[in-house]
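In what follows, a structure is listed as structure tokens, so that the remarks can point back to it.
Please read these numbers as outputs of a predicted model, since none were measured by experiment. Values below: all heavy atoms of this structure, side chains included; hydrogens, waters and symmetry mates excluded.
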Amino acid sequence: MIDPDVARLVRGVLWPGFLGRTAPDWLLRELDGGLAGVVYFGQNLSSDPAEVAALSAELRDHRPEILIGVDEEGGNVSRLEAQTGSTLPGHAQLGALDDVETTRAVGAALAERLHAAGANVALAPVADVNTNPANPVIGVRSFGPTAELVSRHVAAMVDGLQAGGVAACVKHYPGHGDTASDSHLDLPRIDLDLAELEAEHLPPFDAAIAAGVASVMTAHIVVPAFGDAPATLNPIPLRRLRESGFDGVIISDALDMAAIRSTTGSGRGAVLALEAGVDLLCIGNPSNLGPKQGATTDEDDYLEVFEAVCAAIADGELDRAIVARAAARVAWLARSVSPSPVPELVEGRFSDAIRRVVRVRGEVAIDASAITLVDLRDRPTFAVASAHDPFAESLAERFDVTRLTAGPSLRTPDPDAEAPASDELTLLLETIPADDGIVLLADRLGDDTPQRLAVDRVALVRPDAVVVSVGLPLADDAVLPLPVIDTLAASRASADRVTELLAAASIAAPTHHLHDQHHRNGS
């Protein structure tokens, strides 16, 4: 039997996700019992703002001082606009523009949208400095590759969010930018010495602290300079965070991610995180299959953590005073965030920003009323989550669009296949009408990547094709065999600019249709 006082105390440091667009009974009961709040993901949110606001109001009826967080960054990562794609510039676009006032305005716009949804914590901005071009999970979610650039934009977005009465949560401390693996799927390691970390990755977090950021999210990454434990479970980096002047709430990254769940387990990880100095435990998104391959429920995920922390207190392993201090910080945050006037936003400012950062390499010429959009990308990461393609829908407003999803065998040679992958790609191209324009959607075009090899192959057969790159841009001196439109984000705002450019390059009349097809090897 769990002590009721301990149970209430533990609920005050837990932040679960849940399944569906209505609040499950277990969640409402836990809110009545002192649960800190919830985190919304795309699968929780209707495209109707009134429905989302009603859900938040119901939760707030059960827990007036609730923290409702949304993983909303703009650009690639949007939960509020998961069904359509974000209409706000993403971090990489803002870094390329390098106008801190526009970044501050995007933060204010995010605050306005979160308020409309009834939420009060934005899991943004991303303070990671993307120093590894092969990073599979950060990439265009970062403001850029240098600490100075990222620092000034992190501070500006924190200002914009918190001026709008929403708590910012800067992430992922002490920096996820130099990783070569995704902590949703693995436990990344950053082999940098402390001097490199201090110079290249920690300054944006210090800038956020100087800007008064309310919360900081930890990273599930191992930094050998701090020892063998991942930062979320490691008191050394979290002590450094406090010593740097941060007195707000330290939030764990999601405990359902494989970096924790497949190593210590979510329950044991929660106990170690609290001991290390975490205040609020983000339990995660139960719609992610993760290591359990869907063999779990939202309540199971929650109870695994709740029961483990309660048991650790009861056994004397976890000092109750540690949890009480964490719960006090969380309660302070819940009291401190409240709606306030949002700074006036300049009409058309963001669309103008997108126009300024989307770049065209080569001469784009689409002399067609119909376009076949071939998506060369792999499946979205868990961070992006949404598989929605705003490019197809946007292009369909001006062209007759057929969308093809190229399967992995079209990009990666299979030594056991009867025909080479390149031949299979050629066969796919032969199914596309000769008078269709071809647009290739890609996000990894570095030398010898599967997507780059596919682009090279397409260029031999259809030299009139156009590449739309939504990932990190190539170096200025890089040469591709086809014209490229660099967008720096897979968002609706970027898609609309691409449509605008392609329509301007076309003399044919639009027909406004979208046909979503999948190649037999596609997903």
| request: Start with the C-alpha gap between Val121 and Val39, add the side-chain angles, then the distance that decides, and say whether side-chain contact (heavy atoms from CB on, under 4.5 Å) holds. | output: CA-CA 9 Å; Val121 182; Val39 182; over 6 Å; no
| Side-chain donor-acceptor contact under 3.5 Å, Thr131 with Asp178 | yes
| query | Hey, is the main chain of Leu80 close enough, under 3.5 Å, to the side chain of Glu72 for a donor-acceptor pair? | reply | yes
| query | Between Phe143 and His91, what is the ring plane arrangement, given parallel below 30°, perpendicular above 60°, and tilted in between? | reply | parallel
| In terms of side-chain geometry, is the basic nitrogen of Arg152 or Asp98 positioned less than 4.0 Å from the acidic oxygen of its partner? | yes
| note | Sorted by chain and number, sequence neighbours left out, side chain to side chain contact (heavy atoms under 4.5 Å, CB included) with Val38 holds for Phe18, Leu27, Tyr40, Leu59, Ile68
| task | Step by step, work out the side-chain contact (heavy atoms from CB on, under 4.5 Å) result for Arg403 and Asp389. | result | CA-CA 10 Å; Arg403 182 179 185 275; Asp389 180 7; 2.7 Å; yes
| remark: Rounded to the nearest 0.5 Å, the NE2 atom of His201 sits from the NE2 atom of His176 at a distance of 12.0 Å
| request: Carefully, step by step, assess Leu67 and Asn120 under the rule side-chain contact (heavy atoms from CB on, under 4.5 Å). | output: CA-CA 6 Å; Leu67 291 177; Asn120 52 13; 4.2 Å; yes
| message | Under the rule for ring-ring contact (aromatic ring centres under 6.0 Å, His included), what residues qualify as partners of Phe391, not counting sequence neighbours? | response | none
| said: List the residues meeting side chain to side chain contact (heavy atoms under 4.5 Å, CB included) with Arg104, not counting sequence neighbours, and say none if there are none. | reply: Glu101, Ala156, Asp159
| said: To the nearest 0.5 Å, what is the distance between OG1 on Thr372 and CG on Asp400? | reply: 9.0 Å
| request: Would you confirm whether Thr405, through its side chain, and Asp375, through its main-chain N or O, come within 3.5 Å as a donor-acceptor pair? | output: no
| query | Tell me the salt bridge (charged side-chain N to carboxylate O under 4.0 Å, His left out) pairs involving residues 53-69, sequence neighbours left out? | reply | none
| Can you tell me how far OG1 of Thr449 sits from CG of Leu376, rounded to the nearest 0.5 angstrom? | 9.5 Å
| remark: Note: Pro125 and Val158 closest approach over all heavy atoms is CD-CG2, 3.8 Å
| query | How about Val467 and Gln451: do any of their side-chain heavy atoms sit closer than 4.5 Å? | reply | no
| said: Tell me every residue that passes salt bridge (charged side-chain N to carboxylate O under 4.0 Å, His left out) with Arg497, counting only those two or more places apart in sequence or in another chain. | reply: Glu500
| task | Could you walk me through whether Val455 and Val484 pass side-chain contact (heavy atoms from CB on, under 4.5 Å), step by step? | result | CA-CA 10 Å; Val455 168; Val484 179; over 6 Å; no
| said: To check you understand the geometry: which heavy-atom pair defines the closest contact between Ala490 and Pro390, and what is its length? | reply: O-CG, 4.1 Å
| query | What are the two closest non-hydrogen atoms of Leu55 and Ala23, and how far apart are they? | reply | CD1-N, 3.8 Å
| said: Quiz question: by atom type and distance under 3.5 Å, do the side chains of Ser491 and Gln93 form a donor-acceptor pair? | reply: no
| request: For the residue pair Arg113 and Ser86, confirm or rule out a side-chain donor-acceptor distance under 3.5 Å. | output: no
Please report, to 0.1 Å, the donor-acceptor pairs under 3.5 Å made by any side chain of residues 164-172, with sequence neighbours excluded.
| from | atom 1 | to | atom 2 | distance (Å) |
| --- | --- | --- | --- | --- |
| Lys171 | NZ | Asp71 | OD1 | 2.8 |
| Lys171 | NZ | Glu73 | OE2 | 2.8 |
| Lys171 | NZ | Leu123 | O | 2.7 |
| His172 | ND1 | Asp128 | OD2 | 2.7 |

| task | Under the salt bridge (charged side-chain N to carboxylate O under 4.0 Å, His left out) rule, what do Arg21 and Asp48 come out as? Steps first, then yes or no, please. | result | CA-CA 11 Å; Arg21 293 181 177 174; Asp48 181 355; over 6 Å; no
| said: I need the minimum non-hydrogen distance between Ile438 and Ile366, along with the two atoms involved. | reply: O-CD1, 4.3 Å
| task | Taking all heavy atoms of Ala96 and all of Leu488, pick out the closest pair and write down the distance. | result | CB-CD1, 3.7 Å
| task | Starting at CZ of Arg355, measure out to CG of Asp496 and round the result to the nearest 0.5 Å. | result | 9.5 Å
| field | Side-chain (Glu81) to main-chain (Thr87) donor-acceptor, under 3.5 angstrom | value | yes
| task | Report the distance from atom CH2 of Trp332 to atom CG of Asp279, rounding to the nearest 0.5 Å. | result | 10.0 Å
| query | With distance as the sole criterion, is a donor-acceptor pair present between the side chains of Thr218 and Thr232 under 3.5 Å? | reply | yes
| message | In the structure I gave you, are the side-chain heavy atoms of Asp352 and Thr102 within less than 4.5 Å of one another anywhere? | response | no
| note | dist Ser215:OG -> Phe246:CZ (nearest 0.5 Å) comes out at 6.0 Å
| Where do Arg361 and Asp486 come nearest, in terms of heavy atoms and distance? | NE-OD2, 2.8 Å
